[in-house]
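Read the structure below first, then the notes.
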Amino acid sequence: PPPSRISVAKMVSTVYLLVALAVRASQHSVNGPTGHSNFNDCTHIVLPTVGGPPPSSHYSPIVTTDVTDSQAALDPFSRSPRTPTPSVHTSLHLAQAAVRSALQTSGLPDVDIVVCLESGVHTLEHPLIFGPRDSTTGTGKVVWKGRGGNSTVISGGVAVTGWAATTLGGAAVLVAPVPPTAVVTGPTGVIRQLWVNGTRASRVKVTNEPNGPVNASSQCTCNLGGPCIPSQRCTPQFPTCVGFVPNKAWGKCTAGGGPGFPSMTGWVSADGATVGFMANTPNDPIIASWAKNSSKSIEFTWPIVIKNWIEPRCTIASVEGGNITLASPCGRFLLSRTGSKGALPPPVVIEAAPHFPLEPGVFYHDADSALLYYSPNVGETAATVDSEAWIAREELLVEYNGVSGHVWQNIQFSHATWHQPNTNDGFVDTQTAVFACSAGVPGCNLGSSGEPPAAVRIAGSTDVTLSGCNFEHIGQAYALLVGNGSQRVTVDSCTFTDLSGGFLKVGSVDPTRWGSSPDPTNWDAYITITNNVASGQAVEYGGAAGFFGGYLFGANISYNTVSEAGYSGFSLGWGWGTVYPPGFGNNTISYNRIFDVMAKMKDGGGIYINGATNGSHPSIVHHNWVTRDEHVFAVYYCDNGCSHYRFTQNVATNSSSAWAYFFTGGPGPKDLAAQNDSIDHFWFEGDEDPVNNCKQYNCVEDHATIFKIVPPQPMPAEAIAIENGAGARLGGTPPILTA
């Protein structure tokens, strides 16, 4: 089936493994990153769980049972490579076991094992975990590849069937039972995502912003949450400004309550341990209805309001009368994020609550009755939805720990979720989806905060490549993660879309390990990120960057096209000048095309950098084009501690703020300021010049090569050449954007 329409066959095929051993040289054949793989070199062929034809229609293998098959695969090299003897497995995990056995037997000094996954959906009952026993010991690789064209899917999801017509709140909707196999791996049993006909359905929500995002004519300069006066351009109809950015005249004007949004006032217990809200309307029917249902899935969110670059989320612990208590310690984390300045402001959005109307394409999960309600789009019926609906069961699809010598080609990864927001800790982010957490809980790897996970994770591994892969329908904080001392990892010619957060996290921000270690073998080093395309990001976690790089050394991040990120397109570094990791430096960000980023948050940029680098190994940012960058603090943004970067041969167009910004720590310590940075050969469109606040710390602007272009004056040929040369080359030159 096409990648955007993963069909559930009425008859589910068995997964087969055909061991057809053929020795080949260590070359990995693929007919282009978006083409179809050559299956002539397969040593294994795996048919899908869903959507694949019976094996006899493609192959005529010797079919054996699971037991004899796994025994037969123990010593595959005893057979002639020219006379393959196929075998049978019933899952990808059994295919992995057969490959592992072969590796343990022979070590594969100079040949590859090639595992070919046929078109269709390969579902996972639990994550596919690779460890040291899966490594190659010679020049040969373990290659996992699909047919191409996004037709081969590894899914952590479960199909939802049995849809029927019903009514909810007087409106016609569809309903289906949550599948028994969808017992989620997380702590709450909450279903956060539903995909129907290849499209993500929205969780039911109501917003406290009836007028939506504002434009310049309705911006104001009020204090956060305070009233605006008419001279500050908020209208009497929408008198309250939220999300104010200091010194930037940004804010959203709101009437203080959208249709059906309950009015409430925040409170904090005397000891500061409990946080919640009290309904302003006695016996509010909406809030009263929450007490009758499982409230654990009801989620309050505060995009921009708490901080301009985060979208924190807390669930409800209890509802008694008109009194709402937030999950703890989530409420306490949130209060701390505000600086503990009194009670919390009301949420901006309420998600997953009962009794809000379902618009077309919207779903509601009733956890008490284990039912899913979905309002169909035009043309959708119970019959068409019945074969086209998926929910995510797994948080993790594939993980590498201490592995060397694997390659993935032309595979799509889909249907992963993340339950962190539904825990008692909730999701209170610091920046780029790093989040507050209780020490000792899983995932809280930084003591009192945790680094965001991903659907596919490569940790402490070397010489791993992903080429021509697709990440789609991902509910995790990031789609792909590379870190924990990984080296020589390549992500090339992959596509990322329909993401709850960002597309890629590389490197750690741990202040004591990995890049912070004095031992270069522990660093995340020599990572190559090239020719990738990312769009449709930040559906849930607006504070996630498109690309989030921690402490990296020798990374090459080039020729990527990144759009529709909620926060910065690229965010590199951490620490704000308070730490000096030796494994952070010698990085290149070049030839990238970045547009329509900062779509949800404020105070970020197209390319945002913070934290001190190793001064002996400077980094460079060159030949990038950033355009249509919304609500930015700066397009090229060097924040606290950003040091030893050269910005050269870059272009910025069609945005609304400073084109380049070097931060100063003001009267604070020198370490908190950007320092030893430079900018030259820079073309920018508009009337706000680059801001250099760290001249006293050796930040240099070459005014002779910085050019302001004021429309309708056209961009010069040098700048147009940079624009045309930026971005991914999947299938040829990227289309020219209107600047």
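Please read these numbers as outputs of a predicted model, since none were measured by experiment. This chain uses plain numbering: 1 for the first residue, then up along the sequence.
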Please check this pair: side chain of [X] against backbone of [Y], looking for a donor-acceptor N/O pair closer than 3.5 Å.
X      : Y      : answer
Ser571 : Ser568 : no
Lys505 : Phe547 : no
Thr613 : Ser643 : yes
Ser269 : Thr274 : yes
Thr301 : Arg313 : no
Asp639 : Ile609 : no
Asn610 : Trp576 : yes
Asn640 : Gly577 : no

Sub-4.5 Å side-chain heavy-atom contact between [X] and [Y]:
X      : Y      : value
Val190 : Arg203 : yes
Trp302 : Leu334 : yes
Val597 : Glu564 : no
Ile298 : Glu351 : no
Phe662 : Asn693 : no

Those residues that, when tested against [X], pass side chain to side chain contact (heavy atoms under 4.5 Å, CB included) (two or more places apart):
X      : answer
Asn283 : none
Pro357 : none
Ser516 : Tyr551, Pro581

Please enumerate all residues that pass ring-ring contact (aromatic ring centres under 6.0 Å, His included) together with [X], with sequence neighbours excluded.
X      : value
Tyr373 : none
Phe471 : Phe413, Phe496
Trp195 : His415, His473
Tyr541 : Trp418, Phe427

**Message:** I need the full list of salt bridge (charged side-chain N to carboxylate O under 4.0 Å, His left out) pairs touching residues 352-364, with sequence neighbours left out, sorted by first then second residue.
**Reply:**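 For residues 352-364, and leaving out neighbouring residues, there are no salt bridge (charged side-chain N to carboxylate O under 4.0 Å, His left out) pairs at all.
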**Asked** Where do Ser414 and Glu472 land on the side-chain hydrogen bond (donor to acceptor under 3.5 Å, both in side chains) test, with the steps shown first?
**Response** CA-CA 5 Å; Ser414 293; Glu472 186 173 0; 5.7 Å; no
Pair [X]-[Y], side-chain donor/acceptor within less than 3.5 Å:
X      : Y      : value
Asp510 : Ser508 : no
Tyr637 : Asp603 : yes
Ser438 : Asp425 : yes
Thr315 : Glu299 : no
Thr265 : Asn280 : yes
Asp429 : Trp309 : no

**Qualifying ring pair (Phe, Tyr, Trp, His ring centres under 6.0 Å) pairs with a residue from residues 311-339, counting only residues at least two apart or across chains** = none
**Message:** Show me the pairs that pass ring pair (Phe, Tyr, Trp, His ring centres under 6.0 Å) and involve residues 311-332, at least two apart or across chains.
**Reply:**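 Passing the test, one end in residues 311-332: no pairs.
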Contacts under 3.5 angstrom, residues 475-484 side chains, donor-acceptor by atom type, not counting sequence neighbours:
{"residue": "Gln476", "atom": "NE2", "partner": "Glu395", "partner atom": "O", "Å": "3.1"}
{"residue": "Tyr478", "atom": "OH", "partner": "Thr432", "partner atom": "O", "Å": "2.9"}
{"residue": "Tyr478", "atom": "OH", "partner": "Ala545", "partner atom": "N", "Å": "3.2"}

**Message:** Which residues pass the salt bridge (Lys or Arg N to Asp or Glu O under 4.0 Å) test with Glu540, not counting sequence neighbours?
**Reply:** Arg192, Arg200
**Candidates Pro329, Cys330, Ser328 - the one meeting side-chain contact (heavy atoms from CB on, under 4.5 Å) with Asn424** =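 In the set Pro329, Cys330, Ser328, the residue that makes a side-chain contact (heavy atoms from CB on, under 4.5 Å) with Asn424 is Pro329.
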